[in-house]
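To keep things clear, I will list the structure first and then write my remarks on it.
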There are 2 protein chains.
Amino acid sequence: MISSIAELISDRIGAMPAGERRAAQTLIANYPLIGLKTVAEFSTAAGVSSPTILRFVARLGFQNYPEFQSALQDELAAQLQSPATRTLNPASSGGGAVSPMLEATLDNMRETFRHLSERQLADIAATLANRRGKTFLIGGRFTDPLARYMAAHLAIVQPDVHHLAGQEGIWRDRLIDMGKRDVLVIFDIRRYQDSLVRFAETAHQRGVHIVLFTDQWLSPIARFARHVIAGRTAVPSAWDSSAALFVVAETLIGAVTRQLETDGAKRIRELESLR
Amino acid sequence: MISSIAELISDRIGAMPAGERRAAQTLIANYPLIGLKTVAEFSTAAGVSSPTILRFVARLGFQNYPEFQSALQDELAAQLQSPATRTLNPASSGGGAVSPMLEATLDNMRETFRHLSERQLADIAATLANRRGKTFLIGGRFTDPLARYMAAHLAIVQPDVHHLAGQEGIWRDRLIDMGKRDVLVIFDIRRYQDSLVRFAETAHQRGVHIVLFTDQWLSPIARFARHVIAGRTAVPSAWDSSAALFVVAETLIGAVTRQLETDGAKRIRELESLR
DNA sequence: GGAGCGCTGTATCGTATGTTACGTATTTTG
DNA sequence: CAAAATACGTAACATACGATACAGCGCTCC
């Protein structure tokens, strides 16, 4: 059963020509407000012509544009009157595999943050924002993208941020650059990688400050780490989810940026002017 | 300070003549939808004449009726886009900068999936699971790690998955390998990168099936994309959040894996034995 | 390679909508 | 109580909006 226009659209979007699909996509992206504006505004927002918009609403089964707008307004009215339905059933029909996946991910995040005090996060952020040493980031097979993501942001607000990539031999050699004032951020979830464990151990012996992102079962690297972030990873899927760790990483990125605000802002402006 | 039109009205309703007051009351009662309808509808609903409605909006300080409607729409847009402000619960320990960040992220995910039907996701998963062609993934400055993350997983359950890395020239040359049966997954959020747009355009001209991960303002690449995933990115931070897109990516990875279950499982076993 | 079909944009048209002028009703004030 | 001012609605007007006809273009299928 189709209750909302959004569902109606996603139901038929597959059978639409390119232009009308663009209209559908921009409507979904700015749902439903763009549909309450005039045809001209809608069309320019979608990058198509007005007739395409009209053909689009005609394909949805509406006689004319005003009728379509009335439907949107009625829907909005219902939504505004009962805010409960907003947070309720995000994926409507339920049955499929989407909703449980999303629900599990949201739960993971809440759980992850529940076990993570603000104090901890602030400490880690302060460590990362410490400008006296260098920052290195590295990840495992599936988590290396998280290390890259964090490195890409941190490198903008402060100097001396390095992502360790490539073959094991390459980053092992970088150990020579690491000392007591440096920070090493490691991402490692099951199945834990021996190469990373060995790497962490040597770094630890050199006095490097290790920040570990891992799962709730804790990578063996936790023994060497000064800070451990244990994220929930279980989802109804063949794979583990790194989403919770991703959000923690983003939170830390934000916190570090805020701490370095003055210096960071200057750097950002400088970088902007370099482009 | 007056932030909403509703406040503005209740502020001046005392100084209004009877007819305009009726207009004000019916607008408050059906706020704000009646104000988005035509003057005629508004007037009959309020039991007054059209000019009274116009005088009413003029008294509120608007030059004309459309301007008044635009203001209402902007207000609505702000309300819809940040459900956080609606459900604001002071109970959440407040203070630190962690909680709002998490809350915003969770909202972003719910909103993102609310605009994403199972049908769409299933379509995209089917596209990605289609074994007849190759799969290419690429991302922008901050989103490339997402492309890597997805590529790392997809490459395990099926052959011919390539992440496009390095300098622009390098992946431009890979265009020669792309054809009608191939899929190109692009991650592009603000600020959109010209190089990616150009790349997408040429790929589109070659008939490549493009799947776009972008933010709610839609990268210009949306024009060339067969499938568009618009994720919410706004968080109380100096940076945009890619977390919602990350979760969508994980969901798709799971869905593709499920579709390729039989073949995929065989591949996974083979890969395990290779380690 | 050619013919047919479907999609899309340009230009034009009719109309519904917001706007304004004006006359009447109602209230207010001296 | 009278006179003026304010408020309100009717009706005519102009604009801008949605609708439509048509031509160009690309794509698919013989």
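First the proteins, then the strands, lettered A, B, ... as listed; each starts at 1.
- Across dC7(C), dT20(C), dA11(C), the shortest atom-to-atom separation from the side chain of Pro17(A) is found for dC7(C).
- Taking atom CZ of residue Arg55(A) and atom P of nucleotide dG6(C), one finds them 14 Å apart after rounding to whole Å.
- Here Ser49(A) lies in heavy-atom contact (under 4.0 Å) with a base.
- Between the P atom of dT17(C) and the CG atom of Leu54(B) lies a distance of 13 Å, rounded to the nearest Å.
- Of the side-chain N and O atoms in Thr52(A), one or more sit less than 4.0 angstrom from OP1 or OP2 of dG9(C).
- At least one side-chain heavy atom of Phe68(B) sits less than 4.5 Å from a side-chain heavy atom of Leu60(B).
- Between the P atom of dT17(C) and the CG atom of Asn64(A) lies a distance of 10 Å, rounded to the nearest Å.
- Under the 6.0 Å cut-off for aromatic ring centres, Phe142(A) and Trp239(A) qualify, their centroids lying closer than that.
- Each of Lys37(A) and Gly19(B) has a nearest nucleotide on DNA chain D; the 5'-most of these lies closest to Gly19(B).
- Here the C1' atom of nucleotide dA16(D) and the CD atom of Gln69(B) are 13 Å apart, to the nearest Å.
- Per the geometry, CD1 belonging to Ile53(A) stands 16 Å off C1' belonging to dT20(D), to the nearest Å.
- We find that Asp144(A) and Arg148(A) are joined by a salt bridge, their nearest charged nitrogen and carboxylate oxygen being less than 4.0 Å apart.
- Between the CD atom of Glu41(B) and the C1' atom of dA16(C) there is a distance of 12 Å, given to the nearest Å.
- Taking 4.0 Å as the cut-off between side-chain N and carboxylate O, Arg223(B) and Glu201(B) do not count as a salt-bridged pair.
- Of the two residues contacting DNA chain D, namely Thr38(A) and Lys180(B), the nearest-nucleotide position lying further toward the 5' end is that of Thr38(A).
- Phe56(B) has its CZ atom 16 Å from the C1' atom of dG18(C), to the nearest Å.
- The nucleotide whose nearest atom lies closest to any side-chain atom of Ser50(B) is, among dT19(C), dC8(D), dA11(C), dT19(C).
- In this structure, of dT8(C), dG18(D), dT19(C), it is dT19(C) that holds the atom nearest to the side chain of Pro66(B).
- Taking atom CD on Glu20(B) and atom P on dT6(D), their separation rounds to 14 Å, with Å as the unit.
- Using a 4.5 Å heavy-atom threshold, the side chains of Asn130(B) and Val183(B) count as separate.
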